[in-house]
Amino acid sequence: MTASQSPPRSVKAARIRHLLETEGDAVAENTRGFNQGRYDSVAKLDDYEGLKAEAREIKEDAIERLPELLDKLEASVEANGGTVYIAEDEADANRHIREICDDVDADRVIKSKSMTSEEIEVNEHLQDGGIDVVETDLGEWVLQLAEEAPSHIVAPAIHKSREEIAELFAERFDLDEPLESAKELTHFARERLGEQILEADVGMTGANFLTADSGTMALVTSEGNARKTVAVPDTHIAVAGVEKVVPSVEDLAPFVELIGRSGTGQDITSYLSLFTPPVGAPTVHDDEEPLGESDDRDFHLVLIDNGRLAMRDDDQLRETLYCIRCSACSNSCGNFQSVGGHAFGGETYSGGIATGWEAGIEGLDTAAEFNDLCTGCSRCVDACPVGIDIPWINTVVRDRINRGADPDRFDSLVEGLTPDEEPGGLSLRKRFFGNFSTIAKVGGATAPLSNWVADTSVARAAMERFLGVDRRRDLPTFARTTFREWADQRESTVDDPAREAVVYPDLYTNRVAPERGKATVRALEALGVEVTVPEAPSSGRAPLSQGMVATAEKHAHGVYAALAEHIDAGRDIVVVEPSALAMFEREYEQFLPEQSQERLADASYEVLEYVYGRLENGADASRLSSPTDTGTDRVAYHGHCQGRTLGVDSYTETVLRQLGYDVRTSDTECCGMAGSFGYKTDYYELSMDVGEPIREQFTDADGRDRTVLASGTSCLDQLDALLDRPNQHPIELVAPN
């Protein structure tokens with residue numbers, strides 16, 4: 001199947017709706033719990049960011065020196081008495097594992113949790129050869145009984161409720177009495193699995209980390225089953241990707257601090273085991289026989305390439321190999337919180353990082369099936385303990401999917417008519433959303449007629465059928481007079497400016513919501529700032545969201561060209577839309593020369609961040625609108641996801657409180673709108689489900705009478721759909737009339 005032959009959109013949409021209904025509640029409760037646990041746990045660390053930087057440095061070094069470290073690891077393991085085999089692919093790995101099992105006449109293999117073994121489908125391979133395979137991780141065992149795939153990297157059965165597990169056990173086993181409580185279910189599983197562990201011939205584990213210097217293997221688990229799997233059978237097979245190697249045991253230190261906190265919010269996981277296999281058989285008490293049959297034990301390390309070494313040589317996918325499989329990207333992702341890995345995942349891996357893994361291991365066709373569920377909100381970036389730029393990996397893969405799509409007979413015509421830089425094969429839907437700046441320009445030039453026509457039932461039906469724009473969404477209405485045109489027609493009110501600034505006219509502020517721009521100018525002038533609104537193209541966020549990287553790069557160069565002269569003149573760049581600021585500070589690193597990008601990023605500020613700076617530097621806060629002026633003192637504020645990642649949302653809260661407002665802030669990672677994502681009919685229900693916690697929070701007893709504020713255009717659109725009361729950008733509230 002090629003990327004262009006992935007399942008039809010209607011099939012994917014139906015699948016998402018089904019998972020929302022059947023698994024959504026359980027996934028949401030657990031992932032949000034893990035995510036909050038991460039916040040609580042990392043807050044206890046003295047230098048969280050320092051640990052993350054150290055962990056990333058170790059992984060960068062390890063992947064850079066990977067061939068050397070693999071040779072060193074092999075020598076260490078063999079010196080300890082074990083064997084090492086580097087498998088080229090899935091078939092090679094399974095053949096070798098089967099040979100090991102055959103050599104010891106194995107009838108049963110017990111396994112601890114391992115995503116790499118899931119990747120190579122070793123269970124099915126061994127079972128086809130008549131070998132009984134038993135998962136000993138409780139979640140994996142439940143899924144094995146249910147004949148289901150994991151939906152989460154760390155907690156595979158996160159989508160199943162206690163009641164569903166109890167029902168499953170009742171169906172599969174002859175129980176004397178029903179099992180109801182979690183304690184009863186766990187006790188039954190432990191007793192049942194304990195018997196099978198003692199009867200096993202081979203134990204198979206994964207490895208969270210492997211140290212090249214000593215051949216030591218680190219296993220991080222929430223149950224004691226992995227230790228038993230290692231120690232009880234006389235033959236131990238460890239299956240791990242080649243990327244799991246680090247130089248030394250000392251290098252494990254930052255990962256020990258980070259992996260549990262990042263994945264499940266635990267300060268340290270229940271079991272952190274370091275083995276230098278082969279290990280001796282353990283005893284329960286000093287005077288008892290070992291649990292295993294002898295101390296003559298075999299250890300086999302099977303390292304899996306399966307595309308990883310090619311990923312190492314791929315500048316865009318290389319960072320994927322830094323992943324430590326903690327699941328923080330999944331837990332922090334609004335879309336994953338609603339549907340889990342059965343929708344937001346591929347053959348093996350799930351969540352934001354899954355796109356990189358599946359593209360590198362399975363291919364673009366697999367990645368194409370779920371890649372669009374990453375909206376680029378960037379909340380996973382802060383969550384990742386090794387700082388992987390997961391949204392960029394998703395964007396790069398999306399671009400490759402676009403370029404691998406099969407062209408049709410209209411492509412040559414489309415390429416000549418559209419203003420983008422993309423090749424043939426790109427879908428009409430992606431071109432529509434990616435070229436929204438052109439559509440807005442035409443819509444504004446013909447407003448208000450264009451707004452009326454677009455909202456007719458005929459137009460809405462056509463847009464839904466051909467462009468995928470859901471008719472349940474209110475469309476943006478284009479302004480006939482743009483923000484820039486308004487600014488050109490007025491004189492400054494500042495006689496002796498303390499600062500000079502340009503307000504960047506992002507697409508929506510300029511053509512859809514010029515009132516936000518006007519409020520920004522009024523607020524800045526009230527604080528003694530001379531304001532200019534320059535001619536500049538849109539930031540490129542729209543094409544970037546569709547994977548149209550070449551087009552986004554063209555926008556980036558155009559923006560820098562328009563703003564460079566103002567930076568040269570010492571003017572500050574003030575940005576109303578947080579997603580545009582995120583482009584300047586993050587994505588433009590991929591498009592502009594380093595010095596140019598840094599100049600733009602250093603000169604740019606989110607509008608309330610800039611207001612905060614002016615107030616801190618002596619500007620008169622009484623020139624802005626206080627609760628006395630606005631007639632409201634209680635506000636409900638939702639910070640933009642990318643603004644939160646950049647750390648600028650806190651400035652809005654601080655300014656509002658300085659002016660006397662009582663602020664209640666939403667605790668939702670992302671509202672679910674995410675630009676064009678929420679407009680697409682395939683994802684409408686998912687988008688609304690992601691936003692549901694905000695609706696609940698802002699309509700409870702403390703939230704229902706508050707004035708609603710949001711920093712992002714998409715957020716305001718989503719809040720319009722979720723709530724039955726008006727909302728506005730914070731700058732519109734605080735700007736003087």
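In what follows, residues are counted from 1 in the order of the sequence shown. As the structure is a computational prediction, the values presented were derived from the model and not from experiment.
Of the possible donor and acceptor atoms, one in the side chain of Ser545 sits under 3.5 Å from a partner among the backbone N and O of Ala542. In this structure, the side chain of Glu606 does not engage the main chain of Val576 through any donor-acceptor pair within 3.5 Å. A distance-only check finds no donor-acceptor pair linking the side chain of Thr668 to the backbone of Cys670 [under 3.5 Å]. Remark: side-chain polar atoms of Asp700 are paired, donor with acceptor, to backbone N or O of Gly703 under 3.5 angstrom. In this structure, Tyr504 contributes its side chain and Ser539 its backbone to a donor-acceptor pair below 3.5 Å. Asp455 places no side-chain N or O within donor-acceptor distance of the main-chain N or O of Trp452, the cut-off being under 3.5 Å. Side chain of Arg431 to backbone of Asp420: no donor-acceptor contact under 3.5 angstrom is found. With Ser538 contributing its side chain and Leu507 its backbone, the two residues share no donor-acceptor pair below 3.5 Å. The backbone N or O of Pro736 sits less than 3.5 Å from a side-chain atom of Arg522, completing a donor-acceptor pair. For the pair Thr446 (side chain) and Leu449 (backbone), a donor-acceptor distance under 3.5 Å is absent.
Within the 4.5 Å cutoff, the side chain of Arg614 has no heavy atoms near those of the Leu524 side chain. The closest side-chain heavy-atom distance from Leu723 to Arg695 is below 4.5 Å. Arg541 is listed as a side-chain neighbour of Glu587, based on a closest heavy-atom distance under 4.5 Å. Looking only at side-chain heavy atoms (C-beta outward), Glu669 and Cys641 stay at 4.5 Å or farther from each other. Ser330 has its side chain out of reach of Cys333: every pair of non-hydrogen atoms, C-beta onward, lies at least 4.5 Å apart. With a 4.5 Å cut-off on side-chain heavy atoms, Phe432 and Ile439 count as touching. Side-chain atoms of Thr456 and Arg460, non-hydrogen and from C-beta on, never get closer than 4.5 Å to each other. In this structure, Leu527 and Asp620 have side chains that are not in contact, with every pair of non-hydrogen atoms separated by 4.5 Å or more.
Applying the 6.0 Å contact sphere to CZ of Arg623 captures no more than 12 heavy atoms from other residues, nucleotides or ligands. For Asp495, the CG atom counts as loosely surrounded, since its 6.0 Å shell holds 12 or fewer non-hydrogen atoms of other residues, nucleotides or ligands. Crowding of Arg490 atom CZ: a count of heavy atoms from other residues, nucleotides or ligands under 6.0 Å exceeding 12.
A donor-acceptor pair shorter than 3.5 Å can be found between the side chains of Asn35 and Arg38. Side-chain N/O atoms of Glu422 and Thr551 include a donor and acceptor closer than 3.5 Å. In summary, the side chains of Thr493 and Glu525 do present a donor paired with an acceptor at a separation below 3.5 Å, with no hydrogens or angles considered. Between the side chains of His638 and Ser666, at least one donor-acceptor pair of N or O atoms lies under 3.5 Å. A donor-acceptor contact closer than 3.5 angstrom is absent between the side chains of Arg586 and Ser378. Side-chain contact annotation: Tyr605 with Asp572, donor-acceptor N/O pair under 3.5 Å absent. For the residue pair Asp717 / Ser714, no side-chain donor-acceptor distance below 3.5 Å is found, with atom types taken as modelled.
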Could you pull out all donor-acceptor pairs under 3.5 Å where a side-chain atom in residues 649-660 meets a protein atom, sequence neighbours excluded?
from: Glu653; atom 1: OE1; to: Thr665; atom 2: OG1; distance (Å): 3.1
from: Thr654; atom 1: OG1; to: Ser650; atom 2: O; distance (Å): 2.9
from: Arg657; atom 1: NH2; to: Val663; atom 2: O; distance (Å): 3.2

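Identified under the ring-ring contact (aromatic ring centres under 6.0 Å, His included) test for residues 531-566, with sequence neighbours left out: none. Screening residues 681-724 for ring-ring contact (aromatic ring centres under 6.0 Å, His included) gives Phe677-Tyr683 as the qualifying pairs, with residues at least two apart or on separate chains. Contacts classified as side chain to side chain donor-acceptor pair (under 3.5 Å) and involving residues 466-477 (residues at least two apart or in different chains) are given here: Glu464-Arg471, Asp470-Arg472, Asp470-Thr681, Arg472-Glu685, Arg473-Ser687, Arg473-Gln718. The side chain to side chain donor-acceptor pair (under 3.5 Å) pairs that include a residue from residues 505-520 are Asp506-Thr509, Glu515-Lys518, Arg516-Thr713, where partners are two or more places apart or lie in different chains. Screening residues 724-737 for side chain to side chain donor-acceptor pair (under 3.5 Å) gives Asp720-Asn727 as the qualifying pairs, with residues at least two apart or on separate chains.
Taking the six-membered ring where the residue is Trp, Phe584 and Tyr588 present tilted rings, their angle falling between 30° and 60°.
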Should Arg484 and Glu535 be marked as a salt bridge (Lys or Arg N to Asp or Glu O under 4.0 Å) after you check the CA-CA gap, both sets of side-chain angles, and the distance that decides it? CA-CA 7 Å; Arg484 274 210 71 256; Glu535 179 77 41; 2.8 Å; yes
Take Asp372 and Lys430, measure what salt bridge (Lys or Arg N to Asp or Glu O under 4.0 Å) needs, and give me the verdict at the end. CA-CA 11 Å; Asp372 281 353; Lys430 285 186 178 291; 3.6 Å; yes
Step by step, would you call Asp702 with Arg634 a salt bridge (Lys or Arg N to Asp or Glu O under 4.0 Å)? CA-CA 10 Å; Asp702 181 57; Arg634 287 162 50 82; 3.4 Å; yes
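Ring pair Trp392/Phe591: centre-to-centre distance below 6.0 Å.
Considering all non-hydrogen atoms of both residues, Ala562 and Pro537 come closest at CB-CD, 4.3 Å. Nearest heavy-atom pair across Gly540 and Ala552 is O-CB, 3.7 Å. When every heavy atom of Ser332 is checked against every heavy atom of Cys380, the shortest pair comes out as OG-CA, 3.5 Å.
Distance CD/Gln337 to CZ/Arg32: 5.0 Å, rounded to 0.5 Å. Atoms CG and CD1, from Asp689 and Ile16 in turn, are 11.0 Å apart once rounded to the nearest 0.5 Å. With values rounded to the nearest 0.5 angstrom, Asn402 atom CG is found 8.5 Å from Gln546 atom CD. Separation of atoms CG (Asn331) and OG1 (Thr31) is listed at 6.0 Å; rounding is to 0.5 Å. The CG atom of Asp488 sits 10.0 Å away from atom CZ of Phe483, with the distance rounded to the nearest 0.5 Å. Distance check: Ile567 CD1 to Leu600 CG gives 5.0 Å after rounding to the nearest 0.5 Å.
In this structure, Asp382 pairs ionically with Arg379, as a charged nitrogen and a carboxylate oxygen lie closer than 4.0 Å.
A side-chain contact (heavy atoms from CB on, under 4.5 Å) with Arg706 holds for exactly one of Thr632, Asp633, Asp662; it is Asp662.
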